[in-house]
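Notes follow the structure.
The shown structure was predicted, so the numbers you read here are calculated from the model rather than taken from an experiment. Numbers here are sequence positions counted from 1.
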Amino acid sequence: YRDVIDYVAMGPVFKTSTKPDAKKILGVARLQEIVQHCPVPVVAIGGISLDTVTSVGKTGVSGISVCSAIIDSIDPALSATRLLKSI
């Protein structure tokens, strides 16, 4: 599988307005368990904001994927910069 799978995206970590039909929220503790046991890099997705990005980063994820945290911002460039500095 490692020769065909580069990474997995896991989420939603938190409730998200981008996917209101998402069934189950992972939460940070479950995300950390997945990161510890997953043989490929894990990218976190879903409801990640400036308020939560640090806790997500502490799980050991290889990356994060955000949408609303940037798109819904008054200053998307500033929000993106702050997110990058927080991880």
Show the nearest heavy-atom pair for residues [X] and [Y], with the distance to one decimal.
{"X": "T59", "Y": "V35", "value": "O-CG1, 3.5 Å"}
{"X": "F14", "Y": "G47", "value": "CD1-O, 3.6 Å"}
{"X": "S65", "Y": "I48", "value": "O-CD1, 4.2 Å"}
{"X": "K58", "Y": "Q32", "value": "O-NE2, 4.2 Å"}
{"X": "V53", "Y": "S86", "value": "CG1-CB, 3.3 Å"}
{"X": "T16", "Y": "G46", "value": "CB-C, 4.1 Å"}

Got [X] and [Y] here, is their nearest side-chain heavy-atom distance under 4.5 Å?
{"X": "V13", "Y": "V56", "answer": "yes"}
{"X": "V42", "Y": "Y7", "answer": "no"}
{"X": "P41", "Y": "D6", "answer": "no"}
{"X": "L26", "Y": "M10", "answer": "yes"}

Apply side chain to side chain contact (heavy atoms under 4.5 Å, CB included) to I87 and T54, showing your working.
-> CA-CA 6 Å; I87 56 170; T54 301; over 6 Å; no
Under 3.5 Å, is there a donor-acceptor pair between the T18 and S68 side chains?
->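 The criterion, which ignores hydrogens and geometry beyond distance, is satisfied for S68 and T18.
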Spatial distance of atom CZ (R82) from atom CG (L78) [nearest 0.5 Å] | 4.0 Å
What distance do I64 atom CD1 and S49 atom OG have between them, rounded to the nearest 0.5 Å?
->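 The CD1 atom of I64 sits 9.5 Å away from the OG atom of S49.
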If Ile, Leu, Val, Met, Phe, Trp and Tyr residues are connected whenever their side-chain heavy atoms lie under 4.5 Å apart, and connections chain through other members, are V43 and I5 in the same group?
->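 No, it is not one cluster - the side chains of V43 and I5 are not joined through contacts under 4.5 Å.
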Indicate if V28 and I45 have the same hydrophobic cluster label, given that clusters are the connected sets of ILVMFWY residues with side-chain heavy-atom separations under 4.5 angstrom.
-> no
I would like to know whether V61 and L31 meet side chain to side chain contact (heavy atoms under 4.5 Å, CB included); could you show each step before the answer?
-> CA-CA 8 Å; V61 293; L31 176 64; 3.8 Å; yes
Assess whether side chain to side chain contact (heavy atoms under 4.5 Å, CB included) is satisfied between C38 and V8, documenting all intermediate values.
-> CA-CA 9 Å; C38 190; V8 294; 3.8 Å; yes
Where do S73 and I70 land on the side chain to side chain contact (heavy atoms under 4.5 Å, CB included) test, with the steps shown first?
-> CA-CA 5 Å; S73 173; I70 294 172; 5.7 Å; no
